[in-house]
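Report on one structure; see the data block that follows.
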There are 4 protein chains.
Amino acid sequence: MIPVPKTTPKTTPGKAPGNAPKTAPRTARSPAGGGAASDGRRAELLAIAAGVFAAQGYDATTVRRIADEAGMLAGSLYYHFDSKESMLDEILSAFLDELWAGYEGVMAAGLGPRETVEALVTASFREIDRHLDAVAIYQREARQLASSQPRFGYLADSQRRFERLWLGTLERGAAAGVFRTDLDLRLAYRFIRDTVWVAASWYRPGGQHSPEEIARQYLSMVLDGVTVRE
Amino acid sequence: MIPVPKTTPKTTPGKAPGNAPKTAPRTARSPAGGGAASDGRRAELLAIAAGVFAAQGYDATTVRRIADEAGMLAGSLYYHFDSKESMLDEILSAFLDELWAGYEGVMAAGLGPRETVEALVTASFREIDRHLDAVAIYQREARQLASSQPRFGYLADSQRRFERLWLGTLERGAAAGVFRTDLDLRLAYRFIRDTVWVAASWYRPGGQHSPEEIARQYLSMVLDGVTVRE
Amino acid sequence: MIPVPKTTPKTTPGKAPGNAPKTAPRTARSPAGGGAASDGRRAELLAIAAGVFAAQGYDATTVRRIADEAGMLAGSLYYHFDSKESMLDEILSAFLDELWAGYEGVMAAGLGPRETVEALVTASFREIDRHLDAVAIYQREARQLASSQPRFGYLADSQRRFERLWLGTLERGAAAGVFRTDLDLRLAYRFIRDTVWVAASWYRPGGQHSPEEIARQYLSMVLDGVTVRE
Amino acid sequence: MIPVPKTTPKTTPGKAPGNAPKTAPRTARSPAGGGAASDGRRAELLAIAAGVFAAQGYDATTVRRIADEAGMLAGSLYYHFDSKESMLDEILSAFLDELWAGYEGVMAAGLGPRETVEALVTASFREIDRHLDAVAIYQREARQLASSQPRFGYLADSQRRFERLWLGTLERGAAAGVFRTDLDLRLAYRFIRDTVWVAASWYRPGGQHSPEEIARQYLSMVLDGVTVRE
DNA sequence: GATGAATGAGGGTTCATTCAT
DNA sequence: CATGAATGAACCCTCATTCAT
């Protein structure tokens, strides 16, 4: 059994802390009480937007299309969001926030290298299951966004943090004699990373395999290979 | 050593045969000499376009940007190509043509399952090395193009053919006791496929590792796993 | 000393009589008490609106901006006013009403030509002092409003009435030998008119000079010139 | 007679030198030979735009309206200009360039204070005659543009330079005993400045009076007053 | 082969206004 | 009285594409 702590919602933002919470519409004085009422609508709209972004690509998605899907007019979206870009921003940063919450839970558990890898991969597949659209969008757009728009600098930050976390784990494992030492670890890192996340391109929630089951099989291949061991 | 036949340039179009050859400009008065003269320019322009498509995404790329990069005005591109879309089309189909030429060479060699997998993966990395931009474009745009534009139906065809080829090989290997039988083969197929092609997202030609070396390490991980075998 | 009667608030609308008084909210259930209660709020809102219109221009001013400044939401303004345009209308017509009240007081005093000019100019500067925003708005927007929107026809009426009043006074003065006769009187009229009103573009209430002091210096220049008389 | 040197087109930009010349369309490589061909069209379009801006105000003018007036579609304007704002920029800076060329000619002539004032006023009326639309636009929009858009900072620069030039001349005149010393010179400066430029609001080229004739009468009023000197 | 100028469709966004609560 | 949410029209601008020269 792979012990993965339930996604403990510590405060571990993927985005640098201090960013605006991005919750309330741009009212002069937003209503007291946390705005729990309109938050539902916001989340709903973001989910719709994420779906369209994931299906058509961010650039190819028109704001009118999102509005159509939401049963409103294009202009009405601007009551809830500043821009198309800010929708994308919220989708991606919400995803990264959750992802990192999960990862930190794993790291806090103090597991051995192999168990850490298993837990991280499992957590990743869970995140793919929960944030499929966001993951797909991330895969397609992150590189370009991170490199050309300061606003999305946190994507590059997250990337770097991600690499440190994984490389560190692999190095620990290699040093401990758990992982092979004849591999280029950077290559191995990319191998595992891509292996996991690209799954978002074909994974459909509610399908044949649960995220955990997929994680188990992926881990089995990654850790032990696809050939028969004599 | 993994024996992979040199990419034999048989006529094996990724696109269904019968498609227009897409070589000569559409002008009534095409340049004398059978288009051999301007072919260099065409290829040059396509390479430029592929570079921009790969870097910015197809939708985000403007025809003017391509023209700028080529030192001409946007309108001038239309002497060489029917449309932006047809540039994309040529880039992708040229890539698939070459890819399939390589794969058919492998299959014609009649190797065993494991050796076939090795040869296919190596051929794939060679293609990534030679057609990096096209591969990147393919990764990003293929799904959407295939599903929404009849013109790009050949992408879906190729995808299906690709799956048959790989699944067949894996099944042969499983039946022969070379590959593990406790895995969902479809999952394994996706695992290997993605693992290989996503490499295009970070691979840079002329870097530290040759395509063959990368292929060797990837195969080592895929086939034998990353953990130490006792 | 220039004798100018205190702005006697006679009922002398700049707008043609018969126009709606524009006081009470348009609601069926208007607040009890005859609207006296909310009149303060109305006036307050109009002052705010006038300030923003003057600072940014009518077109460039958004209703939201006014509402922000008033600490309410844009839609809430529509409880008090029919439209953005009607705010402008009220601001301008209130200003013109007061202005004409002052002018009529002057004319009723039956002064000589020179004294009339002095009194009119002084009254004008007083109005600039009291209705600075309205004057600035008037300067910037009146011509266009008057010529393109029937609703603002009273602006053109006022303009004509204004010209008659001034030209008449100048003609009386020329006939009486007080004013020079070698000038194009229409030119002189425009000269004086512009000279006075443009002051609104730099005048700030509560500054170094009182309106009366400014009027005195302006009159001195207009009547006697800036060169030294031998 | 007031001796005013013909507007000598020295290189005296109202805008800080080093600004882009703003002439050629945004071609990769603009045609050699100075682009004299398309410059005509640019100038034509700018004149049209200036006319509409002057008549309706910048904010109230739609790009479509300008295009209509030019017999083209709105989008086509963007082949010639970067934006609506850049049209405004070119109109205003071209006007200021010419104005300052004229002023420098006057100052270079080394006239006495009174003659300098006469020459400056005459030059101003000439500029109003030649650039009526630009002057009208300037009057209406300059303050706001200068204070809120860095791009139009040169408007504020010009304003300051203008004030120095005029105030200096007035001070010289006062010191020389030509102008009255009992006036607030800053007030006198504004008086003359406004008096002249607001004329743009009613002046129509080709009308009854030539710019020089209007200048003469204005100067007569400003310098000597409208009352009869005994 | 390439340019210069234009088209026309559409895209993101703004904004005055409405109205149920 | 005021809010929250939405409307719908219009706006500036972009861009693939065309075509006479």
Side-chain angles (χ1 to χ4, degrees), chain A residues 24-31 35 37-38 41 59-67 70-85, chain B residues 25 27 29-31 37-38 41 59-67 70-85, chain C residues 25 27 29-31 37-38 41 59-67 70-85, chain D residues 24-31 35 37-38 41 59-67 70-85:
Chain A
R26 45 178 171 177
T27 324
R29 299 161 306 168
S30 41
S38 65
R41 186 75 179 142
D59 286 309
T61 296
T62 73
V63 143
R64 276 173 181 92
R65 176 68 198 280
I66 299 173
M72 60 187 349
L73 291 179
S76 308
L77 281 174
Y78 288 81
Y79 177 78
H80 300 277
F81 304 98
D82 281 337
S83 64
K84 182 187 171 190
E85 196 181 270
Chain B
T27 343
R29 308 160 295 141
S30 47
S38 64
R41 189 74 175 135
D59 286 309
T61 296
T62 72
V63 154
R64 177 147 55 209
R65 176 69 198 278
I66 299 173
M72 56 184 4
L73 290 180
S76 309
L77 281 175
Y78 287 80
Y79 175 80
H80 301 278
F81 304 97
D82 282 335
S83 64
K84 182 185 171 189
E85 197 181 87
Chain C
T27 341
R29 305 161 297 142
S30 45
S38 63
R41 188 74 176 139
D59 286 309
T61 296
T62 71
V63 154
R64 177 146 54 206
R65 176 69 199 279
I66 299 172
M72 57 184 5
L73 290 181
S76 309
L77 281 174
Y78 287 80
Y79 175 81
H80 301 276
F81 304 97
D82 282 335
S83 64
K84 182 185 170 190
E85 197 180 88
Chain D
R26 45 177 169 174
T27 325
R29 298 160 308 167
S30 43
S38 65
R41 188 69 217 233
D59 286 310
T61 297
T62 73
V63 144
R64 221 195 309 279
R65 176 69 198 279
I66 299 173
M72 61 189 349
L73 292 178
S76 307
L77 281 174
Y78 289 80
Y79 177 77
H80 301 277
F81 305 98
D82 281 338
S83 64
K84 182 186 171 190
E85 196 182 89

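Just so you know, these numbers come straight off a predicted model, no measurement behind them. Residue numbers start from 1 in every chain, and the chains themselves are labelled A, B, ... in the order their sequence lines are given, proteins ahead of strands. Just so you know, these numbers use all the heavy atoms, side chains as well, and skip hydrogens, waters and symmetry mates.
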Inset, instruction - List for me each residue that meets side chain to side chain contact (heavy atoms under 4.5 Å, CB included) alongside A:Ala70, sequence neighbours excluded, and say none if there are none. - result: A:Leu45, A:Ile48, A:Met72
Legend entry - Atom of A:Lys84, atom of A:Thr61 and distance for their closest heavy-atom approach: NZ-O, 2.8 Å
Legend entry - Footprint string (nucleotides 6-13 of chain E, 5' to 3'): B base within contact, S backbone only, - free, heavy atoms under 4.0 Å: SBB--BBB
Inset, instruction - Can you measure from CZ (B:Arg64) to CG (B:Leu77) and round to the nearest 0.5 angstrom? - result: 12.0 Å
Inset, instruction - Return the angle between end axes of the helix from E:dA2-F:dT21 to E:dT21-F:dA2, with five pairs used per end and rounding to 10°. - result: 10°
